[in-house]
Amino acid sequence: MFFYNGNLHHSTTLELPIAEPGLLYGATVFTTLRVYDNSLDHHLTQWAGHCRRLKTSLDDFQWPQPDWQSLREGAERMMEHGSVLRIAIFPDGRELITGRIIPQDLANRQEMGIKAWVADDRMYVRSLPTHKTGNYLCCWLALQAAQRQHCQEAILINGKGDWLETSTGNLWGWKDGRWWTPPVEAGILPGVMRSQLFQWLETHHYPAIAQPWTAEVVAGFEAIAYSNSVVQIIPLREIQHQNSHLTYDPHHPALAKLRKLFPATRPG
């Protein structure tokens, strides 16, 4: 089931013209959100933040805006079938909304952490990194490569070797009594969850530092995690980097403080 161009479709296939730019070039912008307490207006759902992300990219690309009322109605209908919604906008304003459930092993990943692999090969470079476009091949390839290394995430780097983000989220590191994250200017996606965490930390007088993750900076971290709107915060307990294995405590006290942003709620 999916919502496309103003209508709900009971199907697993979508018919597109062979000249569709979204098909040929990945010419879409999208966002993925998690619905809390079955409400788009829940403060953790961040509906306005996700719509703002879409609108910013559409304005920058000089694409027409979608019918926002229809888009919201489509999201409300789709969230009845899954609390994770992926909303994509085509260059002519058409919308495509799909839904899925929360990953079944999410609680275990949040508690025990996962293994990650640093994608040292410079081929894994996202195009238009500050926008979430349909051309996500770089991230998909990096994740596939990480899985071949028996890891669950990949960490992307730039030409200088600085760590940027994971294939699906933003990085956070703890040292010197505070959280650090790479800056947007380094060439990362300014995630909606990243913005939420920045605001929450500032409100609770734990301001985060946005600074490039050079080798020197990374070497001092006591804990590392990544975030996105679906998984919230997941610790990285082990990172494969070149010929070394970096290990971190997935139960570091700083992680517990960060998780206080997410009180017990029904996911959908």
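The shown structure was predicted, so the numbers you read here are calculated from the model rather than taken from an experiment.
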Exercise. Please identify each residue that fulfils ring pair (Phe, Tyr, Trp, His ring centres under 6.0 Å) with H43, with sequence neighbours left out.
Key: none
Practice problem: Compute the centroid of each ring, for F198 and then for W172, and state whether the two points are separated by less than 6.0 Å. | Solution: yes
Self-check item: Parallel, tilted or perpendicular, as decided by the 30° and 60° cut-offs, for the rings of F30 and Y136
Solution: perpendicular
Exercise. Please round to the nearest 0.5 Å and tell me the distance separating atom NZ of K132 and atom CD1 of I87.
Key: 11.0 Å
Self-check item: side chain to side chain contact (heavy atoms under 4.5 Å, CB included) between I188 and L171, intermediate numbers included
Solution: CA-CA 10 Å; I188 68 165; L171 285 166; over 6 Å; no
Exercise. Indicate yes or no: at least one non-hydrogen side-chain atom of T168 is less than 4.5 angstrom from one of C139.
Key: no
Practice problem: Determine whether I239 and L143 fall in the same hydrophobic cluster, where Ile, Leu, Val, Met, Phe, Trp and Tyr are linked whenever their side-chain heavy atoms lie under 4.5 Å apart. | Solution: no
Exercise. Would you sort out whether L164 and R126 count as a side chain to side chain contact (heavy atoms under 4.5 Å, CB included), showing the intermediate values?
Key: CA-CA 11 Å; L164 299 176; R126 283 205 311 118; over 6 Å; no
Practice problem: Verify side chain to side chain contact (heavy atoms under 4.5 Å, CB included) between Y226 and V231, making sure each step is shown before the conclusion. | Solution: CA-CA 9 Å; Y226 82 97; V231 304; 4.0 Å; yes
Quiz item: Do I89 and L71 come close enough that some side-chain heavy atom pair is under 4.5 Å?
Solution: yes
Practice problem: Decide whether N38 and E80 meet the rule of one side-chain donor and one side-chain acceptor closer than 3.5 Å. | Solution: no
Exercise. Taking Q65 for its side chain and L58 for its backbone only, find out whether a donor-acceptor pair lies under 3.5 Å.
Key: no
Quiz item: When rounded to the nearest 0.5 angstrom, what is the spacing between CE in M112 and NE2 in H251?
Solution: 4.5 Å
Quiz item: Which pair of non-hydrogen atoms, one from G99 and one from L85, has the smallest distance, and what is that distance?
Solution: CA-CD2, 4.1 Å
Quiz item: Does atom CZ of F61 have more than 12 heavy-atom neighbours, drawn from other residues, nucleotides or ligands, at distances under 6.0 Å?
Solution: yes
Quiz item: Side-chain contact, heavy-atom cut-off 4.5 Å: R100 with T32?
Solution: yes
Quiz item: Does R72 pair with E76 as a salt bridge, N-O distance under 4.0 Å?
Solution: yes
Practice problem: Please name the pair of heavy atoms, one in G74 and one in I97, separated by the smallest distance, quoted to 0.1 Å. | Solution: C-CD1, 3.8 Å
Practice problem: Indicate the atoms forming the closest heavy-atom contact of L33 with S229, along with that distance. | Solution: CA-CB, 4.4 Å
Quiz item: V192 and V84: same hydrophobic cluster, using ILVMFWY side-chain contacts below 4.5 Å?
Solution: no
Exercise. On the 0 to 90° scale, with breaks at 30° and 60°, tag the F90-Y4 ring pair as parallel, tilted or perpendicular.
Key: perpendicular
Quiz item: Of the options W163, W174, Y248, W213, which is the one that meets F221 in a ring-ring contact (aromatic ring centres under 6.0 Å, His included)?
Solution: W213
Practice problem: Indicate, with yes or no, if V217 and L236 share a hydrophobic cluster defined by side-chain heavy-atom contacts under 4.5 Å among Ile, Leu, Val, Met, Phe, Trp and Tyr. | Solution: yes
Practice problem: Verify, without hydrogens or angle tests, whether S195 (side chain) and G191 (backbone) share a donor-acceptor contact under 3.5 angstrom. | Solution: yes
Quiz item: Counting only heavy atoms not in Q144, do more than 12 fall under 6.0 Å of its CD?
Solution: yes
Quiz item: Do the charged groups of E153 and R109 touch, with an N to O distance under 4.0 Å?
Solution: no
Self-check item: Over all atoms of both residues, closest heavy-atom pair of M78 and L8
Solution: SD-CD1, 3.7 Å
Quiz item: Would you find a donor on one side and an acceptor on the other, under 3.5 Å apart, between the side chain of D92 and the backbone of R94?
Solution: yes
Exercise. Please name the pair of heavy atoms, one in T31 and one in H50, separated by the smallest distance, quoted to 0.1 Å.
Key: OG1-ND1, 2.6 Å
Quiz item: Do Q196 and Q199 have side-chain heavy atoms sitting under 4.5 Å apart?
Solution: no
Quiz item: Does a sphere of radius 6.0 Å around CZ in R259 hold more than 12 heavy atoms from other residues, nucleotides or ligands, not counting ones at 6.0 Å or beyond?
Solution: yes
Quiz item: Is L54 reachable from L96 through a run of I, L, V, M, F, W or Y residues, each pair having side-chain heavy atoms under 4.5 Å apart?
Solution: no
Quiz item: Can you tell me if T45 uses its side chain to pair, donor with acceptor, with the backbone of Y36 under 3.5 Å?
Solution: yes
Practice problem: Determine yes or no for a side-chain-to-main-chain donor-acceptor pair under 3.5 angstrom, with W180 supplying the side chain and Q211 the backbone. | Solution: no
Practice problem: Any chance you could measure Q46, atom CD, to C51, atom SG, to the nearest 0.5 Å? | Solution: 11.0 Å
Exercise. Find the distance between CG (L197) and CH2 (W179) and round it off to the nearest 0.5 Å.
Key: 9.5 Å
Self-check item: Pair K55-R52, side chain to side chain contact (heavy atoms under 4.5 Å, CB included): steps then yes or no
Solution: CA-CA 5 Å; K55 186 178 187 302; R52 187 162 51 248; 5.6 Å; no
Self-check item: Crowding at CH2, W140 (>12 non-hydrogen neighbours, <6.0 Å)
Solution: no
Practice problem: Check whether any side-chain N or O of H42 sits under 3.5 Å from a backbone N or O of L44 as a donor-acceptor pair, and report yes or no. | Solution: yes
Quiz item: Hey, what do you get for CZ (R34) to CG (N228), rounding to the nearest 0.5 Å?
Solution: 10.0 Å
Quiz item: How about L156 and C138: do any of their side-chain heavy atoms sit closer than 4.5 Å?
Solution: yes
Quiz item: Relative to each other, are the rings of Y124 and W117 parallel, tilted or perpendicular (30° and 60° limits)?
Solution: perpendicular
Exercise. Give a yes or no on whether the backbone of G113 and the side-chain of R237 come within a donor-acceptor separation of less than 3.5 Å.
Key: yes
Quiz item: Between H252 (side chain) and A254 (backbone), is there a donor-acceptor pair under 3.5 Å?
Solution: yes
Quiz prompt | Over all atoms of both residues, closest heavy-atom pair of Q240 and Q149 | solution = NE2-O, 3.3 Å
Practice problem: Say whether, by atom type as modelled, one donor and one acceptor occur between the side chain of E165 and the main chain of L189 under 3.5 angstrom. | Solution: yes
Quiz item: Are V29 and Y25 in one and the same hydrophobic cluster, where Ile, Leu, Val, Met, Phe, Trp and Tyr link if side-chain heavy atoms are under 4.5 Å apart?
Solution: no
Exercise. Supply the atom-to-atom distance L201 CG to I209 CD1, rounded to the nearest 0.5 angstrom.
Key: 11.5 Å
Quiz item: Would a distance-only check, ignoring hydrogens and angles, find a side-chain to backbone donor-acceptor pair under 3.5 Å from S227 to Q232?
Solution: no
